[in-house]
Amino acid sequence: MLPLIAFWSGLGRAWRRKRMLALYWFFHTLCAMGAALPLMAAAVPQLGRSRLGDELLRQFDLAWLAEISAAAGEAAAPAVIFAALVAAATLLLGAVFLAGGAAPLLAREEEPYSPEEFWRNAGRNFWPYLRLSLYSLVLYAAAFAAAGLLTRGAEALWGEGLEAKPLALAGYARLALLVVLFGLVSTAMDFAKVRLALSGTRQSLRACLGSVRLAWRNPGVVFWLWACFAAAAAAAAYAFVELAARLETRGTAWVAPLVLLQQAYVLARIWLRFAAWGAAAELDPILRPLPASEPEPTRLEAADYQI
Amino acid sequence: MRHWLLLLAVALPLRAQLARPVASYDIRVSLDAASHTISGEQTLAWVNDSPDTVPTLQFHLYMNAFRNSRSTFFRESGGQLRGDRAAEDGWGWIRVDSMKLEDGTDLTQRLQCISPDDGNPDDCTVAEVALPEPVRPGASLRVFMRFTTKLPKVFARTGYRGDFHLAGQWFPKIGVWETKGFRYAEKSGWNCHQFHANSEFYSNYGDYRVELTVPSRFVVGATGEMVKRSDDAKRGTSTYLFVQPSVTDFAWTAQPGFLRFERVFEAAKQTSQEELAAAARLHGISLEEARLSDVQMIALIQPEHAEQTERHFRALSTALKYFGLWYGRYPFRTITVVDPPYGAGGAGGMEYPAFITAGTSYRLPEDVLMLEIVTVHEFGHQYWMQLVANNEFEESWLDEGFNTYSTGKIMDKVYGGTALPLVVFGKDFWSWLRLPKLTQASLDRAAHAGYPVRDPLATRAWEFYDGSSYSISSYSRTGVALRTLEAVLGEDTMARAMRAYHQRWRFRHPHSRDFQQAVEEVSGRDLEWFFSQFVFGSRRLDYAVSEIRNRKLDAPAGVFEKEGRIETVTVKEARRRDEEREKKGGKPRYESWVKVERLGDAVAPQEIEVRFRDGHIERRPWDGAGRWAKFTFTRAAEIESAVIDYGRKYALDVNHANNSRKADYNARLSTEWTLRVLFWAQNAMLWLTALV
């Protein structure tokens with residue numbers, strides 16, 4: 001019940017920070033444009049003047065992608081890869097920076113949102129959050145390795161056999177385990193972000209390890225919290241795919257609603273991301289209360305010294 | 001004697017369609033399942049069907065390609081084929097233990113390895129023996145051989161994995177003696193190439209009688225009909241006798257775990273009278289000629305793929321039907337399809353006479369048609385490679401490419417497109433995400449457009465630029481070229497040409513020029529421009545509409561001579577005249593032009609279609625020879641758009657996007673496309689930032 005309550009509370013907290021949602025949407029869209037526009041600059045001018053553009057919208061033709069890549073030539077590949085890496089690095093650093101601004105405001109719900117507060121938090125928390133992200137990569141790698149053990153075990157047992165079934169089932173199990181482990185790591189890191197925000201410390205390693213310990217000690221709560229968000233994300237994806245498919249078949253007049261639907265889906269994903277931090281903020285004080293602050297020393301008056 | 005009578009008994013009903021046997025084999029072998037070794041003997045009956053006196057014999061010993069890492073195959077392939085890597089220490093080989101003539105002459109010591117292609121002294125996939133007496137024209141000889149074959153761990157179409165055995169290219173096989181002029185050969189000699197990484201095979205037609213002795217627990221499948229089985233309870237073995245006349249090869253498989261299923265392709269049920277009548281009308285043949293035969297279909301399926309058994313049979317039935325209707329009935333009584341087990345994929349996707357290997361995966365979703373594609377394709381090789389037995393070493397396009405073309409037509413006609421294998425937890429996510437199904441035509445064109453044209457289609461297999469050039473040229477690019485030829489000639493003419501070529505060269509060995517000749521005869525057209533550029537050349541086809549201009553024709557201004565008088569019209573006067581004309585309801589006139597360009601080095605006749613804003617359409621032919629051409633129009637409407645190759649005949653054109661051009665940039669379209677790409681980029685970004 002607790003995870004569900006935290007889930008709903010997180011959704012509410014995120015919803016009440018709409019300007020932050022918009023800022024995140026704007027940032028991701030800007031980065032996406034940075035990645036997409038160079039690609040489209042190569043392809044779109046031709047499509048805009050070619051009847052192929054209309055045809056591709058009705059029935060996508062893989063050959064067009066092959067034409068583009070052939071036209072760009074092998075020399076273009078390093079430039080494209082470089083541009084993609086730069087875009088990815090910018091994106092990740094930017095996301096860390098923005099998370100430093102957003103997480104504290106989601107954790108401390110009573111504080112009103114102000115851009116100044118947001119950017120001040122972002123600047124203050126950038127390095128701790130960046131360190132936390134790097135530590136999380138180690139955890140993701142560990143999760144990957146752990147899931148990989150399943151594959152290796154399956155290979156050792158059935159790799160030389162004539163049946164794919166045991167390996168296929170092991171593959172399903174590995175994928176499921178990987179998804180769960182990644183989810184748990186991600187949720188634990190949400191708690192770590194919140195802990196950094198609430199405690200005001202800059203000790204990201206301590207926050208990271210503390211959150212791993214929290215997840216270890218409260219596996220049920222953490223897992224079910226993650227499961228709530230995973231289910232919500234899956235439901236959003238399903239709804240999007242179904243609705244988009246219906247709009248696609250209706251022709252060009254429905255392009256605007258389709259675009260709106262697409263952006264609504266992007267916003268929904270961002271909302272769920274914020275909600276995860278909000279839910280972690282809801283649960284964190286319950287699962288590991290912050291130490292009570294020491295009482296202030298009583299100030300004795302002169303009359304108290306009278307004998 | 002008994003076995004030759006038996007062979008005759010099988011062959012007689014088919015005598016009208018049989019090939020003249022040149023290299024016939026009577027083979028008796030046994031499989032040692034523990035050591036994966038085949039040992040036994042064979043009698044080769046070879047006929048010198050040429051006007052030459054033949055002094056030597058040359059044999060393929062294909063299995064020696066896997067003997068060690070110094071073979072030509074291993075040197076060229078780096079130990080991998082089609083993404084499959086050779087197992088460490090999983091070597092295979094073949095050894096001729098004894099070779100004697102009918103008169104007892106022992107030739108064993110005379111057998112020498114030769115390397116006619118690359119001079120590699122470490123390669124022994126071809127061996128030659130000098131005969132004590134040359135073989136005169138028309139004469140025949142019988143060679144008795146004992147041999148031992150060690151199967152490799154499954155790799156490059158053959159081998160074993162666990163107790164699964166697939167024996168392909170497993171016995172000493174005589175090469176093909178080509179007299180001068182045969183397949184345009186410049187001189188007489190043996191056509192017996194080494195086994196290369198990119199090559200396949202080539203051999204004469206003959207009758208095969210093969211006795212296979214295996215442990216009784218094994219289920220066996222092979223080329224041809226199983227006419228007898230005998231069991232030796234004491235030894236725990238069973239001996240199967242397979243016979244098949246008029247084929248170029250023999251392959252077999254054995255595995256205890258096979259599930260064996262049989263169905264009959266009932267021609268009368270699978271084809272309607274309308275379909276037969278349509279085929280008969282199209283090809284100018286009788287209904288009887290168009291009719292197909294019943295065929296026994298045998299499937300050897302892995303237990304974990306049992307639920308996919310009917311998919312195998314449906315694919316086989318589809319292939320039997322359409323290849324039969326289009327090119328002629330399948331002449332053999334049986335067709336066996338083998339489903340290799342997990343880890344033996346290297347043995348899958350291969351063709352042998354009346355015996356094919358397919359391949360699938362655990363719980364393959366229905367919409368992912370990989371199983372159907374490979375089954376139809378491998379069956380198709382019965383037509384392109386077996387019945388029309390081209391030299392796969394030298395002209396791989398004649399079988400792989402022709403089969404790609406035929407298979408693509410069947411798959412697109414019967415199944416529509418396929419989902420790509422985006423399978424998660426056994427579910428087809430490609431279809432769930434509503435991603436578009438992909439037709440074979442689009443997949444082939446994507447491969448063609450995405451890879452530079454480096455080699456002619458008719459290049460010897462081991463002389464391609466690299467493995468990618470070999471596979472794309474032999475398969476996809478040929479498929480695209482034949483589709484282009486079909487569009488140029490018309491579907492019906494192409495269908496007649498393909499059938500005529502197939503029927504003419506059934507049970508024979510054609511050359512690329514023979515196909516050209518057949519197509520030119522049937523179509524009545526000179527197609528040298530097509531073949532010289534795209535089959536025997538490596539020209540790149542790319543035409544584009546490069547420019548559209550519309551210019552309003554104002555009333556003229558300046559100094560003019562009119563009827564001997566000099567008249568000066570000022571700009572102001574010219575404008576006044578324009579306004580007056582428009583007031584009176586006169587329409588403006590435009591001088592418009594379209595420029596088209598030849599960007600590639602291939603030349604092909606073109607047709608340009610120009611559309612005007614008033615709905616009028618003009619069409620102009622262009623021989624396509626120059627680097628560019630300009631078409632000018634003076635009309636009351638501007639040009640709206642222009643298309644070169646408006647019929648989309650040239651699938652070979654590497655860039656269809658530049659084949660059309662609109663006068664006005666369609667900002668709505670480009671915005672729509674940009675927004676789509678943007679959306680996918682946003683999602684990719686969100687997945688990435690979920691990690692931090």
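Reminder, nothing fancy here: chain letters follow the sequence lines and each chain counts from 1.
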Visitor: Return the option, out of A:Ser136, A:Ser133, A:Ser186, A:Ala164, with the maximum number of heavy-atom pairs under 4.5 Å with chain B.
Guide: A:Ala164
Visitor: How far apart are the closest heavy atoms of B:Leu678 and A:Met33, and which atoms are they?
Guide: CD1-CG, 3.2 Å
Visitor: Could you give the distance from CD (A:Glu160) to NZ (B:Lys153), rounded to the nearest 0.5 Å?
Guide: 6.0 Å
Visitor: Carefully, step by step, assess A:Arg273 and B:Thr689 under the rule side-chain contact (heavy atoms from CB on, under 4.5 Å).
Guide: CA-CA 10 Å; A:Arg273 175 79 54 80; B:Thr689 55; 3.5 Å; yes
Visitor: Taking all non-hydrogen atoms of both residues, which atom of B:Gly450 and which atom of A:Ala70 are closest, and how far apart?
Guide: CA-CB, 4.2 Å
Visitor: May I ask you to decide if B:Ser660's main-chain N or O and A:Arg49's side chain share a donor-acceptor pair within less than 3.5 Å?
Guide: no
Visitor: Does the side chain of B:Arg445 come within less than 4.5 Å of A:Trp64's, by heavy atoms?
Guide: no
Visitor: Please determine, among B:Pro303, B:Ala690, B:Gly162, the option with the most heavy-atom pairs under 4.5 Å with chain A.
Guide: B:Ala690
Visitor: Mind checking the CH2-CZ spacing from B:Trp687 to A:Arg269? Nearest 0.5 Å is all I need.
Guide: 5.0 Å
Visitor: What verdict does the side-chain contact (heavy atoms from CB on, under 4.5 Å) test give for B:Tyr342 and A:Lys165, after you've listed the backbone C-alpha separation in whole Å, the side-chain angles of each residue and the deciding distance to 0.1 Å?
Guide: CA-CA 9 Å; B:Tyr342 165 74; A:Lys165 182 175 173 180; over 6 Å; no
Visitor: How long is the straight-line distance from CD of A:Glu163 back to OH of B:Tyr362, given to the nearest 0.5 Å?
Guide: 9.0 Å
Visitor: Stepwise, does the side-chain contact (heavy atoms from CB on, under 4.5 Å) test hold for B:Asn683 with A:Tyr265?
Guide: CA-CA 9 Å; B:Asn683 276 282; A:Tyr265 175 64; 3.1 Å; yes
Visitor: Mind checking the CG-CZ spacing from A:Leu169 to B:Arg363? Nearest 0.5 Å is all I need.
Guide: 8.0 Å
Visitor: Would you give the length of the straight line joining atom NE2 of B:His656 to atom CZ of A:Arg51, rounded to the nearest 0.5 angstrom?
Guide: 9.0 Å
Visitor: What class does the angle between the rings of A:Phe240 and B:Phe679 fall in, given that below 30° is parallel, 30 to 60° is tilted and above 60° is perpendicular?
Guide: tilted
Visitor: Side-chain contact test, heavy atoms from C-beta onward, threshold under 4.5 Å: evaluate it for A:Glu67 versus B:Asn658 and give yes or no.
Guide: no
Visitor: Does the pair A:Asp54 and B:Lys662 meet the rule for a side-chain contact (heavy atoms from CB on, under 4.5 Å), with working shown?
Guide: CA-CA 12 Å; A:Asp54 283 308; B:Lys662 296 179 184 175; 3.0 Å; yes
Visitor: For A:Ala276, is it the side chain, the backbone, both, or neither that has a heavy atom closer than 4.5 Å to a heavy atom of chain B?
Guide: neither
Visitor: Quick one: which of A:Ile270, A:Val259, A:Leu175, A:Leu134 has the most heavy-atom pairs under 4.5 Å with chain B, could you say?
Guide: A:Leu175
Visitor: Measure the OG1-CG distance between B:Thr439 and A:Leu62 for me, rounded to the nearest 0.5 Å.
Guide: 9.5 Å
Visitor: Just so I know, are the side chains of A:Leu162 and B:Asp163 near enough to count as touching, which here means a heavy-atom distance under 4.5 Å?
Guide: yes
Visitor: Check A:Leu91, A:Leu272, A:Val266 against B:Leu686 for a side chain to side chain contact (heavy atoms under 4.5 Å, CB included) and give me the one that passes.
Guide: A:Val266
Visitor: Taking every heavy-atom pair that is under 4.5 Å apart, which of B:Asn655, B:Val654, B:Val424 has the most such pairs with chain A?
Guide: B:Asn655
